[in-house]
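Heavy-atom basis, side chains included; hydrogens, waters and symmetry copies ignored. Start at 1 and go down the list; that is how both ligands and their atoms are numbered. Throughout, numbering of the chain's residues begins at 1 and tracks the sequence.
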Amino acid sequence: MHSHLVGHGSFLPPKIVTNDDLSKIVETSDDWIFPRTGIKQRHLVENETTADLGEQAALKAIESAGWTVDQVDLIILATSTPDMDFPSTATLIQNKIGATKGFAFDVQAVCSGFIYALSTADLYLRAGKAKRAIVIGAERMSALLDWTDRTTCVLFGDGAGAMALEAKEDDSAGIIDSILYSDGTFSDILCAGSPEHAKTYMNGREVFRHAVSKMADVSKEILEKNNLHFSEVTHFIPHQANERIIQHIGHDLGLSTEQVISTVKNHANTSAASIPLAFDEIACAGKVKKGDLLLFTALGAGITWGSNLIRL
Ligand code: UT7
């Protein structure tokens, strides 16, 4: 069995906050934010919940796959901003979209969450434990920010993206491989909800250092392991945290500007939602086609990191 990527969707809350808007609430400016991060604006929730964001992205992915909701038998949500302690937000989304079959659960790997969730769904589909999976990354990062801390509040945004995966015998396409890593010795460089840091705390320089080296290394590893070369990658979609990190990795891997996808300018860092949001944007723009080779990679708090390699 192979997990074919057959649908995609995304949802951004309508409220847009620009760098100039932020300069009215904290001591910052577009002149500081844009050159260091590539971010110009972010979408932020007003009353929307994580389940609301995930619901909209999931419904679009189901429609784009040409499925009906009752065909979905697995829902995996990657999020660090669940709506409740329990039940899982995945079950809230299951209820909202009206799915009644199969099972739903959350995965927590922060900015690497979508990579982890896609890998998990792939294993269920390959094992014959499910046939049609919706994998969602949905985040309300705004809920985890200290809006008086300019070092973090300018970096994040809210949103959701989703992909529809279908188990098929056809081995000409599908998720080729996933590689996941974590190293808990760095759990203190990026965290929220600890006794010391109720809201998001980040040692930006340390995170930057890990991000550029580990995302590049795991991208090389997954291609080498599968006897593929960077020249064969159609779209490289790294986690969208910072334009400088994205460009640094693209340069390190010898990728062309056409191969490297960046949406951080308009979305900021949407954590687990960033990769499916970026994919949905290029797919809706007609930039993907059958046979394309996709390489996703992310690094997030934990620290966690990894890659997925997919043939469309
Ligand atoms: O998904 C998780 C992944 N996260 C990331 O990938 C983020 C990785 N890190 C980064 O992208 C960068 O470290 C940042 C963009 C977060 C920060 O850039 P930096 O060049 O490392 O700046 P810094 O933190 O060293 O701060 C430099 C100066 C400081 O002022 P002083 O102490 O030199 O006077 C900060 O207080 O910039 C100041 N500063 C700001 N000034 C205006 C920090 N944030 C701001 C701000 N506006 N928003």
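Taking a distance limit of 4.0 Å, we find that atom 33 (O) of ligand 1 is approached by no protein heavy atom. Less than 4.0 angstrom separates atom 14 (C) of ligand 1 from none of the non-hydrogen atoms of the protein. Within a 4.0 Å radius of atom 9 (N) of ligand 1, the protein contributes one or more non-hydrogen atoms. Distance screen at 4.0 Å: atom 43 (C) of ligand 1 has a protein heavy-atom neighbour inside the cut-off. Distance remark: protein heavy atom present below 4.0 angstrom from atom 48 (N) of ligand 1. Within 4.0 Å of atom 25 (O) of ligand 1, at least one protein heavy atom is present.
Here the closest non-hydrogen pair linking Ser23 and Ser29 is CB-CA, 4.3 Å. Taking all atoms of both residues into account, the shortest heavy-atom contact from Ser271 to His239 is O-CE1, 3.5 Å.
In summary, the atoms of ligand 1 found under 4.0 Å from a heavy atom of Val154, numbered by their order in the structure, are 48 (N). Proximity to Asn242 (heavy-atom distance under 4.0 Å) selects the following atoms of ligand 1: 10 (C), 11 (O), 15 (C). Taking every non-hydrogen atom of Thr37 and a distance limit under 4.0 Å, the qualifying atoms of ligand 1 come out as 15 (C). Residue Ala241 approaches ligand 1 through these ligand atoms, each under 4.0 Å from one of its heavy atoms: 3 (C), 5 (C), 6 (O). Set against the non-hydrogen atoms of Leu190, the atoms of ligand 1 under 4.0 Å away are 2 (C). Ligand-side atoms of ligand 1 in range of Val207: 3 (C), 4 (N), 5 (C), 6 (O), range being under 4.0 angstrom from any heavy atom. Close approach of ligand 1 to His239 is summarised as follows: ligand atoms under 4.0 Å from at least one heavy atom of the residue are 1 (O). Every atom of ligand 1 is numbered from 1 in the order shown, and the set under 4.0 Å from a heavy atom of Cys111 is 1 (O), 2 (C).
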Test log, rule salt bridge (charged side-chain N to carboxylate O under 4.0 Å, His left out), inputs Arg209 and Glu206: CA-CA 5 Å; Arg209 193 173 64 78; Glu206 268 287 280; 2.9 Å; yes
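Distance alone, capped at 3.5 Å, is enough to place a donor-acceptor pair between the Asp106 side chain and the Thr89 backbone. No donor-acceptor pair closer than 3.5 Å links the side chain of Thr91 to the backbone N or O of Pro87.
Each of Asp30, Asp20, Thr18, Asn266 was compared with Lys40 under the side-chain hydrogen bond (donor to acceptor under 3.5 Å, both in side chains) criterion, and only Asp30 meets it.
Counting heavy atoms from C-beta on, the side chains of Glu196 and Asp188 never come closer than 4.5 Å. Looking at heavy atoms from C-beta onward, Ile39 lies in side-chain contact with Asn19 at the 4.5 angstrom threshold. Looking at heavy atoms from C-beta onward, Gln71 lies in side-chain contact with Thr68 at the 4.5 angstrom threshold.
Contact annotation: for Ile245 versus ligand 1, heavy atoms closer than 4.0 Å belong to the side chain alone.
Annotation: atom 37 (O) of ligand 1 to nearest protein heavy atom, Trp32 NE1, 3.1 Å. Nearest protein heavy-atom neighbour of atom 30 (O) of ligand 1: Arg150 NH2, 4.2 Å.
Inspection of the Thr37 and Asn242 side chains reveals no N or O donor paired with an N or O acceptor under 3.5 Å.
Counting heavy atoms only, Leu155 comes closest to atom 16 (C) of ligand 1 of the residues Asn269, Thr270, Leu155. The closest heavy-atom contact to atom 7 (C) of ligand 1, among the options Glu27, Met202, His210, Glu243, comes from Met202. The residue from Gln240, Met215, Arg205 that puts a heavy atom closest to atom 19 (P) of ligand 1 is Arg205.
Proximity of the aromatic rings of Phe114 and Phe279 is defined here by a centroid distance below 6.0 angstrom, and this criterion is not met.
Using a 4.0 Å cut-off between charged side-chain N and carboxylate O, Lys214 and Asp217 make no salt bridge.
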